[in-house]
Structures are given as structure tokens and as C-alpha cells.
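Because the structure is a prediction, the values reported are computed rather than measured. Labels below follow one simple rule: chain letters A, B, ... track the order of the sequence lines, proteins then strands, and each chain is numbered from 1.
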Number of protein chains: 2
Amino acid sequence: MKTPVSPATVQRLPLYLRCLDELPADAERVSSSELAALAGVTPAQVRKDLSCLGSYGVRGVGYSVAGLTQQIRRALGLTREIAVIVVGAGNLGRALAGYGGFGESGFAVVGLFDSDPGAVGGRVGDLVVEPVGRLADAARTRGAAIGVIATPADAAQEVADLLVSAGVASILNFAPTVIGVPDGVEVRRVDLATELQVLSFYLNRGAS
Amino acid sequence: MKTPVSPATVQRLPLYLRCLDELPADAERVSSSELAALAGVTPAQVRKDLSCLGSYGVRGVGYSVAGLTQQIRRALGLTREIAVIVVGAGNLGRALAGYGGFGESGFAVVGLFDSDPGAVGGRVGDLVVEPVGRLADAARTRGAAIGVIATPADAAQEVADLLVSAGVASILNFAPTVIGVPDGVEVRRVDLATELQVLSFYLNRGAS
DNA sequence: ACATGTGAAGCGCTTCACAGCG
DNA sequence: CGCTGTGAAGCGCTTCACATGT
């Protein structure tokens, strides 16, 4: 089965990619059970997920590590480097912009913006903080495909609108608020307080 | 329906809490439709979720903002402040430890640790970076309930083991790797590369 | 013999539609 | 009349079990 990749599967593909990476360098093949153990899911789940992308598995043997890695990267659209813009040069924004893991995963931060004139001009790794006024223009000329919002909550909606108007159709929102976007724009929220609150729930669960 | 709160619902309760917070200060009541619009879900979803915690809704009117907030906080176990420990004082760890939103959400960072002697002693807000050697002891004496891992990938498993042995049964893992823990320990993963890779998938989806 | 690929069953979550109540 | 609360239908995801292929 080729095309119908379910959202649940999409969310797990990057996980498999990581697990493949953590395999011993001399490993040529993996079985669904091995991969499942590393990823913390069931073997059947792994096989179902991988079968969605026209599998390269060999019955009786397993999957080629290199081949499978390539297949997953292609399915995720990681064949070319993707340009990412980060908005908000506070602690979180700088941490994100300076995070080395981007490059290895096929992403490149091509711009870091902030509305505070005091922050503009500051350097983070190879990047120089630019004023938000240049965001839209920079997003277009540098071909940014993904925008990361690392601003306070009250600026998030405004930044989202800016990104959308600049043609950025994928947004990763670290601001602790819900942003509204037009249809066709994909938003993913990462909220620290939310994560802690969910953990809090299960904390009391386990105790009772 | 009182007790059976599904995982999917648990994940949305913090979201509702945020939306309630963003309501105009003079709002006394909300309808499921209003809340749904803010949260980006359906009204039926909101009602189902809220009915799980013995609802305080009034038919024909809506929910009391204050009452509902209290109900959700109680369901999540946010009646007392929860002590959190952060391990890893790199960019991300310092950003997390210094994040003000913790306190407002009912959490308090009671310790920040790092294995690098050069980082130990550094100050982040009110906190002083301590050596990991003191982690287990500090976790116990300060009653830490949640541990946040903000180390590089290769240190994550070791830190997780330390946290578990110190009695921390809830872990929020920002390290780009999968950690193994005993049954009964709850782990949530937040992985930047994973989020970007998922966005990448839908990027190509929308374009084709 | 062994591990993949896959229909089918099982399960949980979402959506619908309406009864119930202020 | 309006909005909540909820059985029931619908849908998607996970798990099972086994046929398939090497």
C-alpha cells in the first residue's frame, strides 16, 4: 500500500528514523521486533507503518537499515534541506536557533527575528538577530518553509499572521497560546505547561 | 460520568485551561461552542470531555468560568504546587528553568543540575546550577515529583535512571532519544526534530 | 524455519442527534 | 427556546493471526 499514510503513522516515522540512527554502525539489517523494542511500540505496529511506504523488507530476514532510512526520509520529504525561520530571540528562541540537531535532521535555520530593538543585532551561532519588520521579506527571499514561534503568548498571533502572509504554511508554535490560521496552514503546538499538566494527572493516578 | 478520563481527554484539559485563561476577565460564563472555537475542537468534544469530570455546566446557559477552571485544575491534580527538577543547564535547560510560566501553571523548579563542572555554580534566575552528583539526594529532600531532561542524547538514559532511582516517576524528556524506564514511570517526549519532520511531511502533502 | 505483509477483529475516540433541563 | 449531557453510530488506529515469500 503506497499513498495512504495515516497521521498516527506520520508521527511515528521520525521516531523510527531516530532509532535507526541509534543502531550500531555495523548493523546492516533490523527486524520489526528490534525496531519496535527501541521505539517502544509493538512489532505489528512497525510492520503496518512501514508497509505504508512500499516496504523494503525481506521476509525471513528483516529490513535493510540504509534502505529503510532512505525510504522514511523520502516519505517525510527530507530529500532536500528545509529552510526554517525562528521568531523570538529570548531564551527559548536562542536555544532553538543554536540547536545543532537541526542540520543533522535536514533543516537549516535561515533567520532569527525579534521585535525588541535591544535584541536585534545580537549573535547566536552564525545568525544575527534581525527586526521582525524584515521577517516577511526574508521569509520569501530565503525560501523559508517552516516558521517557529518562540515569542511570548501575546505576540504569537501577530507573528503567525505575518508568517502566513509571507507564504509560510507550516508553523511550530512554542508560545503558550492557541493561534488561529487559515485552512491549509499546518500548526503544531509545543507547550511546556501542557506537558507538565498531563504528567501531573498521571502522577495522581499512579499514587491512588 | 466521573472517573474514566481517557488519555485523549487528559491531553485536552490543559488546552481548555489555557483558553479559559484567555477569556475576557469579565466573562462569567462560557458555552461549549465558544470554548470549542478557542481551542480548535468541536463543541461536542468539549462537552464530552467536561462531562467526564462531573460537569458544572448549566443547561441553556453554559459553564461557569471560575467553576470550570477549578474543576479542571482539580482533575489534573493542580491543587498543590508541584516540584520540578531540570537536568542539563545548556541553552534549553536554562531556558526551561528560567521560564516564568511555570509558577502560574502550578509548578516550581526546585533544582537545576549539570554534569559539567564548568557549568556548576552558574546562576539562572533564582537557581544555582548544581552537580548531578547531588541530583538523587536533592530530588528526595525537595520532594521533586517531575524530572525534566534537557541534556544531550547520550546522557539522557543515565539521567533517567538517576531520576527513577530517586523516586521521580514522571519524566519530561527533551533529549533527542528514546529512554527506557520501568513500568509505572510516565515519560513524555518533546523532540524538536520530530516536530519539524512531521511538518515536513504535510508540507509536501499540501504542495502536491 | 523465519520474518514480513495484510485482511479481519477489537478497541477507543470522535461525531451525531436528540433527550433533558433550566 | 438554548445549551448541556449522553446513548448510539461512525471512523480510525491498534492488535491479532496467518498466509506469503525467501
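- The ring-ring contact (aromatic ring centres under 6.0 Å, His included) analysis of residues 67-101 of chain B, with sequence neighbours excluded, yields the pairs B/Tyr99-B/Phe102.
- Side-chain contact annotation: A/Thr177 with B/Glu22, donor-acceptor N/O pair under 3.5 Å present.
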For nucleotides 14-22 of chain C, read 5' to 3', which letter fits each nucleotide if B means a protein heavy atom sits under 4.0 Å from the base, S means only the sugar-phosphate is that close, and - means neither? SB-B--BB-

Go through the steps to decide whether B/Glu28 and B/Ser64 satisfy the test side chain to side chain donor-acceptor pair (under 3.5 Å), and finish with yes or no. CA-CA 6 Å; B/Glu28 293 226 340; B/Ser64 148; over 6 Å; no

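- Contact annotation: A/Ser32 side-chain N/O to C/dT4 OP1/OP2 distance is under 4.0 Å.
- The phosphate of C/dG5 (OP1 or OP2) has a side-chain N or O of A/Tyr63 nearer than 4.0 angstrom.
- A/Arg142 pairs by the salt bridge (charged side-chain N to carboxylate O under 4.0 Å, His left out) definition with A/Glu130, not counting sequence neighbours.
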Carefully, step by step, assess A/Arg47 and A/Ser32 under the rule side chain to side chain donor-acceptor pair (under 3.5 Å). CA-CA 6 Å; A/Arg47 292 199 298 274; A/Ser32 60; 3.2 Å; yes

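- Side-chain contact between B/Tyr16 and B/Ile72 is present, with heavy atoms from C-beta onward closer than 4.5 Å.
- With the end axes of the helix from C/dA1-D/dT22 to C/dG22-D/dC1 each set by five pairs, the angle from one to the other reads 0° at 10° resolution.
- Within the 4.0 angstrom heavy-atom criterion, no nucleotide atom of any strand lies near B/Pro43.
- Remark: B/Val124 engages B/Arg94, B/Ala97, B/Leu112 in a side chain to side chain contact (heavy atoms under 4.5 Å, CB included) (not counting sequence neighbours).
- Near DNA chain D, meaning a heavy atom under 4.0 Å from it, residues 178-186 of chain B has no residue at all.
- Counting heavy atoms from C-beta outward, A/Val87 and A/Val148 have side chains that stay 4.5 Å or more apart.
- Here the C1' atom of nucleotide D/dG5 and the CG atom of B/Leu35 are 16 Å apart, to the nearest Å.
- Considering only heavy atoms from C-beta on, B/Val185 comes within 4.5 Å of B/Pro182 through its side chain.
- Distance A/Glu34 CD to C/dA3 P: 9 Å, rounded to the nearest Å.
- The side chain of B/Ser51 approaches D/dT6 more closely than any other nucleotide in the set D/dT6, C/dG5, D/dT4.
- Counted within 6.0 Å of CD on B/Glu158, heavy atoms from surrounding residues, nucleotides or ligands total 12 or fewer; the atom is thus considered open.
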Under the side-chain contact (heavy atoms from CB on, under 4.5 Å) rule, what do B/Tyr63 and B/Leu50 come out as? Steps first, then yes or no, please. CA-CA 10 Å; B/Tyr63 301 86; B/Leu50 298 186; 3.7 Å; yes

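- One can place CG of A/Leu53 at 13 Å from C1' of C/dG5, the figure rounded to the nearest angstrom.
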